Amino acid sequence: ESVDIPIALADGERIELDENPEVQAALKYSGSTVTDVTEDLGSFDFSPIPAEESVPLEITLVGTGGSIELQLTPLWEWGLS
């Protein structure tokens, strides 16, 4: 699956994606202002991975002028697998 984030960010801004399939939300943080930008993104279904199994995962993150951080929570940790 591929997800594009077509949202420009200024210095100090960030976007947090909630990858919980029951939520799938995106919030843009700019100082003390938080904006829901979920509608600006596409959506997709997550592929199930059996609990506590290891599978190959390829992730490409591209950005300029800042940093990108990624944290994933397995579906089984939410009790959704």
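Just so it is clear, the model here is predicted, and its values are computed rather than measured.
Here the side chains of K28 and L9 are in contact, with some heavy-atom distance below 4.5 Å. Considering only heavy atoms from C-beta on, Y29 stays 4.5 Å or farther from E13 through its side chain. Here the side chains of I7 and I15 are in contact, with some heavy-atom distance below 4.5 Å.
With sequence neighbours left out, the side-chain hydrogen bond (donor to acceptor under 3.5 Å, both in side chains) criterion links T35 to no other residue.
Proximity of a side-chain donor or acceptor of T38 to a complementary backbone N or O of A26 within less than 3.5 Å is detected.
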